[in-house]
Amino acid sequence: QGEQAIARALATGARQLIEYDVEMPDGRRRWFEQRIAPINAAEVLAIARDITQRRRAETLTLTRLHLLEYATTHSLEELLQEALDCLCEL
């Protein structure tokens with residue numbers, strides 16, 4: 001993904017933005033955003049930043065929205081089971 005973004009930046013002269021996850025030595029996954037800007041025809045400047053907290057917040061927001069919508073058409077028992085299933089996926 002990164003190599004393709006670099007190639008696109010060099011070919012088009014346009015800045016690129018990619019997001020990717022990396023498994024850390026302790027087994028946890030961290031998310032990064034990388035901005036790639038061409039400097040000249042053969043070089044780019046790449047800046048990466050950790051966006052793990054943002055991705056977690058987005059996931060929690062989407063999960064909450066899903067559960068609110070789910071609650072409108074399902075029983076309390078089904079909602080509780082769905083909430084537990086969603087928690088297991090987080």
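Heavy-atom basis, side chains included; hydrogens, waters and symmetry copies ignored.
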key: Min side-chain heavy-atom separation L80-L84 under 4.5 Å   = no
query = Do I18 and I51 sit in the same hydrophobic cluster, where Ile, Leu, Val, Met, Phe, Trp and Tyr count as joined when their side-chain heavy atoms come under 4.5 Å apart?
reply = no
query = To the nearest 0.5 Å, how far apart are OG1 in T72 and CG in L67?
reply = 11.0 Å
request  = Using the test salt bridge (Lys or Arg N to Asp or Glu O under 4.0 Å), find all partners of E23 that sit at least two apart in sequence or belong to another chain.
outcome  = R29
query = To the nearest 0.5 Å, how far apart are CD in E33 and CG in D50?
reply = 10.5 Å
ask   = L17 and Y20: same hydrophobic cluster, using ILVMFWY side-chain contacts below 4.5 Å?
value = no
query = How far apart are the closest heavy atoms of L79 and A71, and which atoms are they?
reply = CD2-CB, 3.7 Å
query = Does the pair R30/D21 count as a salt bridge with the N-to-O cut at 4.0 Å?
reply = no
ask   = For the atom pair CD (E19) and CD (Q34), what is the distance rounded to the nearest 0.5 Å?
value = 11.5 Å
key: side chain to side chain contact (heavy atoms under 4.5 Å, CB included) between L45 and I36, worked out   = CA-CA 6 Å; L45 172 66; I36 301 166; over 6 Å; no
ask   = Do I47 and I39 sit in the same hydrophobic cluster, where Ile, Leu, Val, Met, Phe, Trp and Tyr count as joined when their side-chain heavy atoms come under 4.5 Å apart?
value = yes
ask   = Closest approach of W31 and T52, non-hydrogen atoms and distance?
value = N-OG1, 2.8 Å
ask   = Can you name the nearest heavy-atom pair linking Q16 to A5, along with the distance?
value = CG-O, 3.3 Å
ask   = Counting only N and O atoms by type, is there a donor-acceptor contact under 3.5 Å from the side chain of E3 to the main-chain atoms of Q1?
value = no
message = Testing the basics here: between P38 and A14, what is the closest heavy-atom pair and its distance to 0.1 Å?
response = CD-O, 3.9 Å
key: Aromatic plane relationship, H66 with Y70 - under 30° parallel, 30 to 60° tilted, over 60° perpendicular   = tilted
note = Residue pairs passing the salt bridge (charged side-chain N to carboxylate O under 4.0 Å, His left out) test with at least one member in residues 78-89, sequence neighbours excluded, are none
message = According to salt bridge (Lys or Arg N to Asp or Glu O under 4.0 Å), who are the partners of E58, at least two apart in sequence or on a separate chain?
response = R54
Gap separating the CD atom of Q81 from the SG atom of C86, nearest 0.5 angstrom = 10.0 Å
